[in-house]
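Since the structure comes first, as structure tokens, the remarks are kept for the end.
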Amino acid sequence: MNERDLDETGMPGGRPRLIRMWTNWSGSLECRPRATDRPLDEAGVMAAVARAADRGLRIRPVGAGHSDSPLAVTDDVHLDCSALTGIVAVGTDRVRIRAGTTLASLHAALAEKDLALDVVPDTDAVTVAGAISTGTHGSGAAVGSLSAQVITVRLVDGMGAVRRIDGPDLDALRTGLGALGVLTEVELRVVPAALLHVHEEPGAPSELLAEGGVLDRHRWAEVELHVPSGEALARWGDVSEPGSEPLPVVRRDPVRAAAAGSAEALGRMVSWLAPTVWRAPRWGGSATGPAHRLLVDTRPQRTEFTEWALPRAALDAAVRELSAAAGARGLEVKAPVLVRVGPAESGWLHPATDRATAWIAVRAPRGTDPGPLFGLVATVLTAAGGRPHWAGRHDWTAAEVEQAYPRLADFRRVRDKLDPQRRFANAHLDTILGP
């Protein structure tokens with residue numbers, strides 16, 4: 001069974017209807033698809049794909065709409081996956097879920113069974129399929145993205161047939177961009193639930209970004225940089241073993257030591273922690289709890305973002321170059337720049353494929369024009385070997401993708417097999433992947 005909005009001539013008697021406008025979460029993207037299907041199960045997905053094919057239309061799966069790249073934008077058919085939710089099966093080291101399940105729901109269901117995901121992205125509003133398809137990640141030098149946790153997937157391909165993929169071609173699906181089919185079920189690795197002990201403390205950017213420093217030493221870590229002032233705030237966390245005392249906050253000098261006291265103290269010490277700053281401070285120096293409760297940002301702001309994956313060794317120089325370039329052009333970076341790290345990934349189109357990675361995310365308030373700033377970010381970070389996060393704003397074309405991704409030919413081979421008619425394409429995928 002499925003629920004769907006009929007197109008403008010599909011009402012009984014041919015009566016027209018108002019076509020529904022779709023917008024993404026930030027409000028930066030919109031489209032008016034001719035029809036929207038909302039399947040309730042895998043059979044409904046198969047029927048929706050077949051129906052689009054019969055009408056000669058392309059179809060794009062839609063999750064939570066958190067991307068700022070136009071992956072979901074189409075004038076043809078939207079496939080709303082919001083009803084494809086729930087846990088299918090849970091084992092001691094894996095979970096099988098329907099692909100439209102949000103990370104928030106998955107975190108809660110796993111916690112009830114004393115299990116957890118090994119990686120916790122900073123948002124839990126996204127769907128499992130959306131997070132995997134765009135390479136959504138957390139922050140830890142030794143912990144891969146959600147894509148790296150995938151064991152098997154089930155999908156409906158461009159011919160409307162169900163496929164189960166768990167062999168070498170799985171690396172195409174680890175960041176599939178919705179170009180290979182509609183994910184219906186995903187099997188992920190899970191780990192025993194544990195408590196995370198976290199800290200936050202100001203510091204010097206050169207120290208916090210250095211290789212072997214705070215970003216690399218801990219189970220989880222991130223750094224926020226205020227580009228105009230050069231000030232920085234580090235957050236890090238490690239697993240707290242059962243029965244152990246909370247890990248002490250590292251105190252390098254009396255000024256930084258005050259960061260362990262309270263959020264108010266952090267606000268006094270770091271002048272840029274103003275109400276317009278999105279994520280700081282969070283724990284008043286330190287806290288202990290489940291990772292999915294501590295690391296998910298519960299105060300999200302509707303911003304636009306661009307994020308780039310650089311070779312880890314290029315991080316410090318790239319940040320300094322970005323700061324200098326923004327200053328020279330008079331471009332104000334209002335929000336803190338978020339820096340995270342991750343290991344090399346195996347997904348053929350994952351931005352961290354084949355190399356240890358530093359992630360640099362730049363955000364702009366909703367309602368502003370981020371074009372000049374994001375264009376500068378793209379220029380500087382591409383020159384540093386960066387690849388764009390697929391969910392963020394970027395202007396790459398197939399030429400840049402072909403140069404940056406050595407396994408693109410393998411991805412195209414799988415795409416030719418799963419969607420030879422390009423049923424799941426749209427204008428954006430035509431631009432970045434070619435026909």
Side-chain angles (χ1 to χ4, degrees), residues 68-69 134-141 144-145 175 203-216 221-232 234 304-345 347-364 370-408 432:
D68 280 329
S69 66
T134 58
T136 297
H137 59 93
S139 186
S145 70
T175 311
S206 59
E207 177 185 351
L208 298 179
L209 302 183
E211 290 189 79
V214 64
L215 285 170
D216 302 303
E222 66 180 26
V223 173
E224 280 187 342
L225 304 172
H226 189 238
V227 170
S229 70
E231 294 172 302
E304 294 183 60
F305 83 101
T306 185
E307 185 170 21
W308 293 77
L310 314 179
R312 175 64 180 90
L315 173 60
D316 187 42
V319 168
R320 285 188 277 107
E321 174 63 23
L322 180 60
S323 178
R329 289 161 178 77
L331 293 173
E332 185 178 5
V333 186
K334 295 181 179 180
V337 173
L338 182 61
V339 177
R340 293 172 285 184
V341 296
E345 299 271 346
W348 294 335
L349 287 192
H350 197 288
T353 187
D354 293 336
R355 68 189 190 193
T357 294
W359 299 88
I360 298 179
V362 179
R363 298 179 182 269
L373 175 60
F374 286 4
L376 175 65
V377 171
T379 298
V380 170
L381 299 187
T382 297
R387 301 167 178 145
H389 191 306
W390 297 117
R393 278 188 51 166
H394 66 87
D395 60 0
W396 269 29
T397 65
E400 286 94 354
V401 174
E402 189 155 11
Q403 184 174 4
Y405 287 91
R407 301 297 297 272
L408 179 61
I432 61 177

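Start at 1 with the first residue, then count along the sequence.
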Can you tell whether the side chains of Asp216 and Arg312 come within less than 4.0 Å, N to carboxylate O?
yes
Test item: Trp308 side-chain N/O and Ala358 main-chain N/O as donor-acceptor pair under 3.5 Å:
no
Close aromatic pair by centroid cut-off 6.0 Å: His389 and Trp359
yes
Distance-minimising heavy-atom pair for Gly385 and Pro311
O-CD, 3.7 Å
When you compare the side chain of Leu209 with that of Leu215, does any pair of heavy atoms fall below 4.5 Å?
yes
Short side-chain to backbone donor-acceptor contact, Thr379 and Gly375, under 3.5 Å
yes
Using a strict cut-off of less than 4.0 Å between a Lys/Arg side-chain nitrogen and an Asp/Glu carboxylate oxygen, indicate whether Glu304 and Arg363 qualify as a salt bridge.
no
For residues Leu225 and Ile360, determine if any side-chain heavy atom of one lies less than 4.5 Å from a side-chain heavy atom of the other.
no
Can a donor-acceptor pair be found, under 3.5 Å and without considering hydrogens, that links the side chain of Arg387 to the backbone of Pro351?
yes
Do Ser145 and Glu345 have side-chain N/O donor and acceptor atoms under 3.5 Å apart?
yes
Within this structure, what is the CD-CG distance for the pair Glu307 and Leu381, rounded to the nearest 0.5 Å?
10.5 Å
Specify the closest pair of heavy atoms between Trp396 and Thr382, including all atoms of both residues, with the distance to one decimal.
NE1-OG1, 3.6 Å
Begin from the C-alpha positions of Glu222 and Leu338 and carry the test side chain to side chain contact (heavy atoms under 4.5 Å, CB included) through to its verdict.
CA-CA 7 Å; Glu222 66 180 26; Leu338 182 61; 3.8 Å; yes
Is there a donor-acceptor pair under 3.5 Å between the side chain of Asp68 and the backbone N or O of Phe305?
yes
Nearest atoms (heavy-atom pairs only) where Ala232 meets Pro205
CB-CG, 3.9 Å
With Val333 as partner, the option from Val227, Val377, Leu376 fulfilling side-chain contact (heavy atoms from CB on, under 4.5 Å) is Val227
Search all heavy atoms of Asp354 against all heavy atoms of Ala344 and return the closest pair with its distance.
C-CB, 3.7 Å
Pair Thr306, His394 - check side-chain hydrogen bond (donor to acceptor under 3.5 Å, both in side chains), show working.
CA-CA 7 Å; Thr306 185; His394 66 87; over 6 Å; no
Contact summary for Leu408 and Leu349, nearest pair of heavy atoms:
CD1-CD2, 3.9 Å
Side chain to side chain contact (heavy atoms under 4.5 Å, CB included) evaluation trace for Trp348 with Thr175:
CA-CA 7 Å; Trp348 294 335; Thr175 311; over 6 Å; no
Report yes or no: does Arg340 contribute a side-chain atom to a donor-acceptor pair with the main-chain N or O of Val223 at less than 3.5 Å?
no
Test item: side-chain donor near acceptor, His350 and Thr353, under 3.5 Å
no
Could you tell me the separation between the CD atom of Glu332 and the CG atom of Leu373, rounded to the nearest 0.5 Å?
10.0 Å
Check Val380 against Ala318 and note the closest heavy-atom contact, atom names and distance.
CG1-O, 4.2 Å
Keeping the roles fixed (side chain from Thr357, backbone from Arg355), state whether a donor-acceptor pair exists under 3.5 Å.
yes
Any sub-3.5 Å donor-acceptor pair from Gln403's side-chain atoms to Glu400's backbone N or O?
no
